K.L.:
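Before anything else, here's the structure in question.
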Amino acid sequence: MCDSAKSVAVLASGTGTLLKAIIDNQESRYRVDLVVADQICPAVQRAKNAGIRTAVVPMEENRNAWNEKMVAAVASVDPDLVVSAGFMCLLGPAFVKEFAGRTINTHPSLLPAFPGAHAVRDALDHGVKVTGCTVHYVDAGLDSGEIIAQRAVEVEAGDTEFELHERIKKAEREQIVHLLHHAELVNGKVVFNV
Ligand code: GAR
């Protein structure tokens, strides 16, 4: 890996298959320096297995205090880019401001349709025939930041939430890795030459 590799911090909450794809596809363009989770979860173990530094910052009743701890944890590696990949907590204004233009999120729907924690279930309940995934900049809203890239995934007859989500996650893994391989910093903002 050359010195110009972008330093990436990844936020995750669960299984961590997106994190694994990000880690497995590190090359000269980026390297994962930190994984932050809000709970002990398989994603943390995946990071440890890869020799990557981890931090667990459990959610607190005092959201401002939690956000400050999240800022401190991520700032400890001074990353070029923060990737929320299966992180199920809403980042607050302190975090968004600190890493503005450098924090992106991958979400399992074609935003602005179906924001929130149950995007795949909501899409199925709505009866859509096509859904997909979105990578967007993180702002202080719920999955409302500027859209960077999207991929469509067809809903198949009889799809369960699990089956559809697995196909969406395959698209998410390909999309986020592709974007990270094309990330550039311009005036403190990360942009993607795709
Ligand atoms: C992904 O589908 C990601 O978009 C979603 O959680 C999954 C994580 O999968 N995130 C959200 O829904 C955030 N609103 P993984 O744990 O296998 O990487």
Side-chain angles (χ1 to χ4, degrees), residues 8-26 30 32 34-50 52 54-59 63 66-67 70 74 81-92 95-96 99 103-126 128 130-156 159-180 192:
V8 175
V10 179
L11 315 181
S13 292
T15 318
T17 65
L18 273 60
L19 169 67
K20 183 174 188 307
I22 292 168
I23 292 172
D24 288 351
N25 288 284
Q26 292 182 97
Y30 75 87
V32 179
L34 176 71
V35 171
V36 183
D38 58 308
Q39 57 186 353
I40 302 287
C41 58
V44 172
Q45 194 54 50
R46 288 186 199 275
K48 285 187 172 163
N49 292 348
I52 294 165
T54 63
V56 176
V57 184
M59 180 50 76
R63 300 284 295 217
W66 177 77
N67 264 286
M70 285 293 295
V74 172
L81 176 57
V82 182
V83 181
S84 163
F87 190 61
M88 301 309 285
C89 305
L90 194 58
L91 295 162
F95 191 98
V96 172
F99 301 104
T103 308
I104 61 172
N105 177 50
T106 171
H107 181 78
S109 76
L110 293 174
L111 291 170
F114 312 120
H118 307 290
V120 181
R121 189 186 314 166
D122 293 345
L124 274 177
D125 287 349
H126 210 85
V128 299
V130 177
T131 180
C133 54
T134 303
V135 172
H136 63 93
Y137 291 101
V138 172
D139 65 9
L142 178 63
D143 301 322
S144 56
E146 182 190 343
I147 290 171
I148 298 164
Q150 294 186 303
R151 289 198 186 186
V153 174
E154 284 191 17
V155 180
E156 292 173 7
D159 257 347
T160 63
E161 182 181 346
F162 177 81
E163 289 165 343
L164 178 57
H165 199 174
E166 286 300 304
R167 290 207 308 286
I168 293 172
K169 288 207 291 185
K170 183 171 182 291
E172 286 190 89
R173 291 191 281 270
E174 290 168 4
Q175 176 165 255
I176 194 69
V177 167
H178 181 70
L179 287 172
L180 287 173
F192 300 90

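Keep in mind the model is a prediction, meaning the values are calculated, not measured. Along the sequence shown, the residues carry numbers beginning at 1. Both counts, for ligands and for their atoms, begin at 1 and track the order of listing.
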K.L.:
Do the side chains of V44 and K48 get nearer than 4.5 Å, heavy atoms only?
P.N.:
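In short, these two side chains touch, coming nearer than 4.5 Å.
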
K.L.:
Among all protein heavy atoms, pick out the one at the shortest distance from atom 2 (O) of ligand 1; state its residue, atom name and that distance to 0.1 Å.
P.N.:
E172 OE2, 2.5 Å

K.L.:
Please list, in number order, the atoms of ligand 1 under 4.0 Å from a heavy atom of H165.
P.N.:
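That gives atoms 1 (C), 2 (O), 7 (C) of ligand 1.
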
K.L.:
Any non-hydrogen atom of G16 lying under 4.0 Å from ligand 1?
P.N.:
yes

K.L.:
Below 4.5 Å, heavy atoms only, C-beta onward: do D38 and S13 meet side chain to side chain?
P.N.:
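Yes; the side chains approach each other to less than 4.5 Å.
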
K.L.:
With heavy atoms of T106 as the reference, note each atom of ligand 1 found under 4.0 Å away.
P.N.:
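Here the atoms of ligand 1 in question are 3 (C), 4 (O).
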
K.L.:
May I ask you to check whether L18 has an N/O atom sitting below 3.5 Å from an N/O atom of ligand 1?
P.N.:
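Yes; the residue has a nitrogen or oxygen that sits under 3.5 Å from a nitrogen or oxygen of the ligand.
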
K.L.:
Distance to 0.1 Å, residue and atom name: give those for the protein heavy atom nearest to atom 8 (C) of ligand 1.
P.N.:
G86 CA, 3.6 Å

K.L.:
Might you point out which heavy atoms bring T131 and A123 nearest each other, and give the distance in Å?
P.N.:
OG1-CB, 4.1 Å

K.L.:
Heavy-atom contact check, 4.0 Å cutoff: does G116 meet ligand 1?
P.N.:
yes

K.L.:
Do M88 and ligand 1 have an N or O pair less than 3.5 Å apart?
P.N.:
no

K.L.:
I want to check something: taking the side chain as every heavy atom from C-beta on, are V74 and V36 in contact at a cut-off of under 4.5 Å?
P.N.:
yes

K.L.:
Check whether any N or O atom of D143, backbone or side chain, sits under 3.5 Å from an N or O atom of ligand 1, and answer yes or no.
P.N.:
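No, since none of the N or O atoms of D143 sits under 3.5 Å from an N or O of ligand 1.
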
K.L.:
Considering non-hydrogen atoms of the protein only, which is the closest contact for atom 9 (O) of ligand 1, and what is the distance?
P.N.:
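That would be K169 CD, 3.2 Å.
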
K.L.:
Nearest 0.5 Å please: distance from the CZ atom of F162 over to the CZ atom of R167.
P.N.:
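Between atom CZ of F162 and atom CZ of R167 there are 11.5 Å.
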
K.L.:
Looking only at N/O atoms, are N105 and ligand 1 under 3.5 Å apart anywhere?
P.N.:
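Between N105 and ligand 1, no N or O pair is found under 3.5 Å apart.
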
K.L.:
Give the C-alpha distance, both sets of side-chain angles, the deciding distance and a yes or no for salt bridge (charged side-chain N to carboxylate O under 4.0 Å, His left out) between E174 and R151.
P.N.:
CA-CA 10 Å; E174 290 168 4; R151 289 198 186 186; 3.4 Å; yes

K.L.:
Please check if the number of heavy atoms outside E154 that lie under 6.0 Å from its CD is greater than 12.
P.N.:
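Counting other residues, nucleotides and ligands, CD of E154 stays at 12 neighbours or fewer.
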
K.L.:
So with a 6.0 Å cut-off around NZ of K169, is the heavy-atom count from everything else above 12?
P.N.:
yes

K.L.:
Identify the protein heavy atom lying closest to atom 12 (O) of ligand 1, giving its residue, its atom name and the separation to 0.1 Å.
P.N.:
P108 CD, 3.5 Å

K.L.:
Heavy-atom distances under 4.0 Å are what count here, so tell me which part of H107 touches ligand 1: side chain, backbone, both or neither.
P.N.:
both

K.L.:
Enter the distance from N49:CG to I23:CD1 here, rounded to the nearest 0.5 Å.
P.N.:
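That separation rounds to 8.5 Å.
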
